[in-house]
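In what follows, every chain begins at residue 1, and chains take the letters A, B, ... in the order their sequences are listed. On a predicted model such as this, the values are computed, not experimentally measured, just so you know.
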Amino acid sequence: MRFLDEYRDPIAARRLLAAIRRSATRRWTLMEVCGGQTHSLLRHGIDAELEGVVELVHGPGCPVCVTPLESIDLARELCLRPGVVLASFGDMLRVPGSRGSLLDARAGGGDVRAVYSPIDAVEMARRNPRAQVVFFAVGFETTTPTTALALRQAAAHRLENFSLLVAHVRVLPAMEAIVASPDCRVHGFLAAGHVCTVAGCEDYGPFVERHRMPVVVTGFEPVDLLRGILECVRQLESGDPRLANCYARTARDAGYPTARRLVDGVFEVCDRPWRGLGVIPRGGLRLRREWTKFDAQKRFDHASLRVLEPSECKSGDVLAGRIKPTACPSFGNACTPDHPLGAPMVSSEGACAAYFRYGVPAQSRD
Amino acid sequence: VVRWLDHDPLLALAEVEFGGVTRACHMACVPEARVGDYVVVHAGVAIARIDQVEAQRAMAELASLPDDAEWPAQLPDEGSIS
């Protein structure tokens, strides 16, 4: 398929690997922010090919993984109410909350449905006027236009039985939180190409200036990832950190204006708790005042919950890039994709699931 | 993009082919896309049109990288990069 096959070309990948090896005079530590990139790096063996040259630490860019326990518990409580249908992406349903996952709640009588798109949940509400359909909205900037579009369609259809449990998050404040941590080892960032496709690249400029650290907007195929890594290494070697865009075929400076307008009309920035990282200032989105009648938390008069993470799961350290998944004592024994203790072992974008799936052995502790 | 089905600003819909599989996608974010364009689809919603000029520029840049004698193009473990 065009725009995929050429970015999986092994000859181009070999050339890029060689160029990275030639460019690096020391070992650099880069963080790929997005979980989709983590899976691609491990699937194609890029991390192993670059061993000793570039260490890739995995960022918090798995939306399912950073959704806090209390949000999952709220969703669980909602789905057990009579007449409520709770819909979300399949991965979200498998993540354990403090009292089990949403799928566990379904086994206990809750009405929980997996959907491919938030717009499918709107269709569900149209076809089932007597059900209250709640869409559990998770995801980064890439996903927010889909939720915003679903909400606007629901409003256009005058649906009284559709609402959102919003847990949307923003990438850049999380990068700020990671850099602010005293044990941050990261020299440069590969920014998530699809987040920038929607939200634009230009917001990273001040970040680069402030932290004197390269940020390279990077795609998801092996050739894309290697181009991003090469650009980052070249900048670090030359001591000239900049904002660079290695995913210009979809990511533009100002993002995608139609998608941004759609999102900005519905959501506003707020502080939001992230699983493993705590409350991140400006780290999330909530519905604007004029849209709050679609807020499930208000519709169902929901109070916030406070819950604690299980201590045997090190997902907070994994999400902040402090440890690799294999350094967690539970990895591969107490915690597997079939019996996950934490969200990164569940999701198709979670770092622990990537290490398990692509067979990285449990190793000496990092 | 194979065929436009609806041009409504909010309910815009088009058939999009993914390597042989075709499905209807919501097009409200990319109303400018034309039949034959490539789009990025996320959760059933097209969120961006791929810029073919930029894609060609990236490919030209790659072609300018030197071949490396130490790293021949055909290695036995090439299958790992699929």
How far does [atom1] of [X] sit from [atom2] of [Y], to the nearest 0.5 angstrom?
| X | Y | atom1 | atom2 | result |
| --- | --- | --- | --- | --- |
| A/L149 | B/L10 | CG | CG | 6.0 Å |
| A/R227 | B/L65 | CZ | CG | 9.5 Å |
| A/T142 | B/H42 | OG1 | NE2 | 5.5 Å |
| A/T146 | B/I47 | OG1 | CD1 | 8.5 Å |
| B/D51 | A/R252 | CG | CZ | 5.5 Å |
| A/T250 | B/Y38 | OG1 | OH | 15.5 Å |

How close do A/T197 and B/A48 get, counting heavy atoms only, and between which atoms?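 Scanning both residues completely, I find the closest heavy atoms to be CG2-CB, 3.2 Å.
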
CZ/A/R357: more than 12 non-hydrogen atoms of other groups inside 6.0 Å: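 Not buried by this count: 12 neighbours or fewer within 6.0 Å.
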
How about CD on B/E32, more than 12 heavy atoms from neighbouring residues, nucleotides or ligands closer than 6.0 Å, or not?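 Counting neighbours around CD of B/E32, more than 12 heavy atoms of other residues, nucleotides or ligands fall under 6.0 Å, so yes.
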
Taking side chain as C-beta onward, heavy atoms only, is B/E54 less than 4.5 Å from A/Y247?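 Not in contact.
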
Check whether any side-chain heavy atom of B/L11 sits under 4.5 Å from a side-chain heavy atom of A/H157, and report yes or no.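 Of all side-chain heavy-atom pairs linking A/H157 with B/L11, at least one is under 4.5 Å.
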
Which of [options] touches chain B most, by non-hydrogen pairs under 4.5 Å:
| options | result |
| --- | --- |
| A/T143, A/L230, A/L262 | A/T143 |
| A/L4, A/T258, A/D5, A/V198 | A/T258 |
| A/R260, A/Q153, A/R152, A/E6 | A/Q153 |
| A/A148, A/A259, A/A150 | A/A259 |

When only pairs under 4.5 Å are counted, which of B/E61, B/Q56, B/R49 shares the most heavy-atom pairs with chain A?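 With the most close heavy-atom pairs to chain A, the winner is B/R49.
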
Do A/S117 side-chain atoms and B/G44 backbone N/O form a donor-acceptor pair below 3.5 Å?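 No.
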
Backbone N or O of B/V30 within a donor-acceptor pair of the A/Y256 side chain at under 3.5 Å?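 The answer is no, because no donor-acceptor pair under 3.5 Å joins these two groups.
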
Please walk me through it: do B/R57 and A/R249 pass side-chain contact (heavy atoms from CB on, under 4.5 Å)? CA-CA 9 Å; B/R57 189 176 303 173; A/R249 67 184 184 276; over 6 Å; no

With only heavy atoms counted, which part of [X] is less than 4.5 Å from chain B, the side chain, the backbone, both or neither?
| X | result |
| --- | --- |
| A/V223 | side chain |
| A/R261 | neither |
| A/L16 | both |

